[in-house]
Amino acid sequence: MAFLDIQHLEKSFGPTRVVKDFNLNIERGEFVSFLGPSGCGKTTVLRMVAGFETPTSGAIRIDGREVTGLPANRRNIGMVFQAYALFPNLTVAENIGFGLKVAGEGKAAIARRVREMLDLIGLPQLGGRYPFQLSGGQQQRVALARALAPRPQVLLLDEPLSALDAKVRISLRDEIRRIQRDLGITAIFVTHDQEEALSISDRVVVMHQGVADQVGTPFEIYNRPATRFVAQFVGTLNLLDVDVLDATTGKVRLGGVPVALDQPFHGRPGERISLAMRPESVELGRGDSDRVVLSGEIAAVHFLGSVIRIRVAVAGQFVSLDTFNQPDRPPPSVGTPVEVSLPHRDLMVLAA
Amino acid sequence: MTEGRLWSWLAVALGGLYFLLPLVGMFDFSMRMQRDGYSFEAYRVVLADPQFQQTFGYSVVLALLTIVLGIAIIVPTAYFVRLRFPGLRPVVEFLTLLPLVIPPIVIVFGYIRIYNTSSVLPLTGSWWGTNLLILFGYATLSLPYMYRSVDTGLRTIDVGSLTEAAQSLGSGWTRILAVVILPNVFVSVLSGAFLTFAIVIGEYVFAALLNVGSFGPYMVWMGGNRAYEPSALAVVAFAITWACMALIQLVTRFSKFSTVRR
Ligand SMILES: Nc1ncnc2c1ncn2[C@@H]1O[C@H](COP(=O)(O)OP(=O)(O)O)[C@@H](O)[C@H]1O
Ligand SMILES: [Mg+2]
């Protein structure tokens, strides 16, 4: 059985169901992200795991023990909040030692653990400071140390980086991951930032309107999105509406022109479906044989530095594609007729 | 100096005179007990009066108990209202303002009617009962000041997150209130406490009608029977109030940590 086992979790606030049949198994030591737009229920699931909200139905087990009805202060779970939530009246060292003191540990043991934690977060000299004397990034490190000090079974982080500026956000997220790996602690990390989720997680749960749309490794989520929502939310995506000609042989019509997808899919003739493709898998030109080819003309060219993003108009719709900048090959000018192509396997067929 | 500035200075100066002149006059008068020039004779007489010592001591003890009771009632109430029933805040605020709206004389007559010797709970019949009654009464009088200052203090901290952080670290409610919430609103609690102190020290209506020997009735009695001493007493009373206010400032200035976000 998985270390953290969430089964058929539901939560309603009054008449609105905010979390719907949420199921998840997390292995010991795994780092799992909840990714989704604001309001999709990420925090609510996390708070049910932490014990701050009571599920309407469903069960949560940690290491085989049912905790669904257990109050938050008896769950042995570490929590890191977006707003840090350090105790303003306590020093950094007292903040970190808080959980140990509650657990009734001796002074010497607490001091030892606090020093260990301060070293872990790389702030060994700041034990005597008060929270208001620290930068945001330092405060969040202290909050992390405070959550970890009592050796919780699970670490929960609710958008811990959202209040920080871009640079700190990136260095701290790598540090969180390093610490999590060093300690081998099971962690759930909530974020609405797909780059954050993809870059540091073992697995990502993409949430949408209270439902876990897809659970998978970052690689799976990005390359094999299970739903249209996942495909659109994670990464940049080109979507083209086409009409089905023959689903079994993979023929569709795009703006009156037949296109061969050469892969069977589900759909009735005449039905409107969506083709999805990542900008990085589309190329200018026909390429080798065995590729899906679309014709159009250049609509816009955005020079981004090492990458050039080109928008191509195809039968009244648009496809963006990325090419690397090559000093000896200037990008085509707007209005030039072009063909673009992509490998069959990179084309995703989404039900409309 | 522009004309507008001149007028503002004039307004401030007039206001200042309005408040200061009577004080200066009173102070001047209190120093003239001995014919041959200024002296602190009136103060000496007042401070040496055993009645003064007794009533003042009684009122100080009563004020301290009122503060403790007020904190014990108000801090958890304001905290849970903010945490769990934010919708009730206007209602609770209105309730705590009632003692300002209802005259003390009405309140105390209510008490006497309900708790008189022929009632179910004859508090006024015994020394203990009377003192309890006046303690509870004063706690009520302190509600507007206590609740507002505590609530203001709670506003400067993120009550919800701090509570949850403490809970996830294993704390129960008692520890959260005593170790996390109270220290962070302590400065606000103190300012409420000093106001309460000033009110209880000078309170007359409750004390007179419940017939307890506190400082308020003593001051009134003095005022009716002596010449110089009442002025000296008034100056002393003012000094106490000002000392309280200065203490609030000091405590605020020198508290080690800050709950204000930067
Ligand atoms: N205590 C609550 N009472 C009523 N509705 C709530 C409460 N908490 C959250 N919600 C609603 O539940 C939905 C999901 O919220 P939340 O879990 O915070 O989303 P996320 O963290 O993904 O942004 C939102 O529509 C929010 O308005
Ligand atoms: Mg959230």
Side-chain angles (χ1 to χ4, degrees), chain A residues 43 46-47 49-53 70-92 94-105 128-136 139 142-143 145-158 163, chain B residues 71 75-76 78-80 82-87 149-193 250-262:
Chain A
T43 297
L46 205 71
R47 290 169 57 80
V49 176
F52 299 135
E53 301 280 3
L70 218 57
N73 59 352
R74 289 178 39 211
R75 286 200 187 190
N76 195 17
I77 279 176
M79 183 97 188
V80 176
F81 302 83
Q82 179 179 339
Y84 323 134
L86 293 175
F87 305 126
N89 57 316
L90 302 182
T91 63
V92 166
E94 287 165 344
N95 263 283
I96 297 176
F98 189 93
L100 301 165
K101 205 166 164 192
V102 174
E105 295 212 20
R129 295 259 189 105
Y130 283 93
F132 77 91
Q133 298 168 312
L134 304 181
S135 73
Q139 290 192 52
V142 174
R146 178 182 68 177
L148 290 171
R151 300 183 177 82
Q153 286 182 292
V154 179
L155 177 66
L156 307 177
L157 307 104
D158 192 359
Chain B
I71 292 175
V75 172
Y79 167 70
F80 279 109
R82 261 195 182 268
L83 190 67
R84 292 271 187 263
F85 315 103
S149 46
V150 170
D151 197 52
T152 308
L154 287 174
R155 188 158 47 206
T156 64
I157 58 175
D158 186 347
V159 171
S161 294
L162 289 185
T163 302
E164 290 181 354
Q167 279 179 325
S168 72
L169 292 166
S171 296
W173 292 116
T174 322
R175 186 187 292 264
I176 292 177
L177 272 169
V179 181
V180 177
I181 300 302
L182 192 55
N184 283 306
V185 297
F186 188 66
V187 172
S188 314
V189 168
L190 269 190
S191 70
L250 271 183
V251 171
T252 315
R253 191 82 43 89
F254 290 109
S255 69
K256 278 181 301 181
F257 58 88
S258 165
T259 53
V260 180
R261 296 256 161 66
R262 331 222 141 177

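Per chain, numbering begins at 1; letters A, B, ... match sequence-line order.
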Side chain A:Asn89, main chain B:Val185, donor-acceptor under 3.5 Å = no

Here the pair of heavy atoms bringing B:Ile157 nearest to A:Pro88 is CG2-CG, 4.4 Å

Counting heavy-atom pairs under 4.5 angstrom with chain A, the leader among B:Ser161, B:Pro183, B:Ala165 is B:Ala165

Taking all non-hydrogen atoms of both residues, which atom of B:Leu162 and which atom of A:Ala85 are closest, and how far apart?
-> CD2-O, 3.5 Å

Heavy-atom proximity to chain B below 4.5 Å, by part of A:Ala72 | both

Which value, rounded to the nearest 0.5 Å, describes the distance between B:Asp158 atom CG and A:Tyr84 atom OH?
-> 12.5 Å

Minimum heavy-atom separation for A:Phe52 to B:Gln167, with atom names?
-> CE2-OE1, 3.5 Å

Closest non-hydrogen contact found for B:Gly172 with A:Asn73 is CA-ND2, 3.5 Å

List the steps and the verdict of side chain to side chain contact (heavy atoms under 4.5 Å, CB included) for B:Ser168 and A:Ile77.
-> CA-CA 6 Å; B:Ser168 72; A:Ile77 279 176; 5.6 Å; no

For A:Leu86, is it the side chain, the backbone, both or neither that has a heavy atom under 4.5 Å from a heavy atom of chain B?
-> backbone

Is the number of heavy atoms from other residues, nucleotides or ligands under 6.0 Å of B:Phe80 CZ greater than 12?
-> yes

Who among A:Met79, A:Arg75, A:Arg74, A:Arg146 has the most heavy-atom pairs with chain B under 4.5 Å?
-> A:Arg146

Ring pair (Phe, Tyr, Trp, His ring centres under 6.0 Å) partners of A:Phe87, counting only residues at least two apart = A:Phe98

Which of the residues A:Arg47, A:Lys101, A:Gln82 is involved in the greatest number of heavy-atom pairs with chain B at under 4.5 angstrom?
-> A:Arg47

What's the shortest heavy-atom distance between B:Leu169 and A:Ala147, and which atoms?
-> CD2-CA, 4.4 Å

Verify the neighbour count for atom CZ of B:Phe186: are there more than 12 heavy atoms of other residues, nucleotides or ligands below 6.0 Å?
-> no

